[in-house]
K.L.:
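My questions will all concern the structure given below.
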Amino acid sequence: MVEDGETKLNQSIYGIHDRANLEMSGDLQTLQELVDKETPMKPVKIFERVCCPKCSFPVIIIDNYCPNCGQRLDWSDK
């Protein structure tokens, strides 16, 4: 197998030695990001504004998701 510079760089960064494993690791990372984004997080108060806990973008109570980053919001009192 002939390796190009990008493949060698990816191997050194991720410790992965073939393209299929590298692609799968990217898929798993993407899936984890999607799961994290769908896991509701409580909004936080920053300087008298209610904001997304992930990106600090101002949100209002009718927002189920942050309009900036898409993080699912939990408005429950629990």
Side-chain angles (χ1 to χ4, degrees):
M1 179 172 117
V2 176
E3 296 178 348
D4 61 13
E6 180 182 359
T7 301
K8 287 183 181 181
L9 175 64
N10 288 332
Q11 288 174 0
S12 66
I13 293 172
Y14 299 108
I16 299 170
H17 300 289
D18 65 48
R19 192 165 199 76
N21 282 338
L22 179 60
E23 289 172 359
M24 187 171 25
S25 73
D27 291 345
L28 292 174
Q29 180 179 357
T30 300
L31 285 172
Q32 186 61 54
E33 289 171 3
L34 291 171
V35 168
D36 293 344
K37 193 177 278 194
E38 278 299 314
T39 303
M41 295 177 73
K42 293 208 173 287
V44 294
K45 198 166 192 176
I46 302 173
F47 299 114
E48 302 301 319
R49 298 185 96 169
V50 180
C51 299
C52 172
K54 196 80 156 190
C55 70
S56 301
F57 191 82
V59 294
I60 56 176
I61 198 162
I62 62 170
D63 292 333
N64 290 321
Y65 294 87
C66 174
N68 186 52
C69 72
Q71 175 63 47
R72 188 171 183 185
L73 301 172
D74 176 7
W75 292 98
S76 68
D77 292 332
K78 296 178 187 178

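All values below come from the heavy atoms of this structure, side chains included, with hydrogens, waters and symmetry mates left out.
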K.L.:
Hydrophobic cluster mates of Val50, side-chain heavy atoms under 4.5 angstrom, ILVMFWY only, any path?
P.N.:
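Members besides Val50, by chain and number: Val59, Ile60, Ile61, Ile62, Leu73, Trp75.
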
K.L.:
Locate the shortest heavy-atom distance separating Pro53 from Lys42; write the atom from each residue and the value.
P.N.:
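Reported closest heavy-atom pair: CG-O, 3.3 Å.
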
K.L.:
Using the rule side-chain contact (heavy atoms from CB on, under 4.5 Å), only one of Asp36, Thr30, Leu34 pairs with Gln32; which is it?
P.N.:
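Result for side-chain contact (heavy atoms from CB on, under 4.5 Å) with Gln32: Asp36.
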
K.L.:
Just wondering, do Glu38 and Tyr65 contact through their side chains at under 4.5 Å, heavy atoms?
P.N.:
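Tyr65 vs Glu38: side chains touch.
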
K.L.:
Determine whether Phe57 and Cys69 make a side-chain contact, defined as any pair of heavy atoms from C-beta on separated by less than 4.5 Å.
P.N.:
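Not touching, per the 4.5 Å side-chain cut-off.
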
K.L.:
Rounded to the nearest 0.5 Å, what separates atom OG in Ser56 from atom CZ in Arg49?
P.N.:
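Going from the OG atom of Ser56 to the CZ atom of Arg49 covers 11.5 Å.
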
K.L.:
Could you tell me the separation between the CZ atom of Arg72 and the CG atom of Asn64, rounded to the nearest 0.5 Å?
P.N.:
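So the gap between those two atoms works out to 7.5 Å.
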
K.L.:
Heavy atoms only: give me the nearest Gln71-Cys52 pair and the separation to one decimal.
P.N.:
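Nearest pair, atom of Gln71 first, then Cys52: CB-SG, 4.0 Å.
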
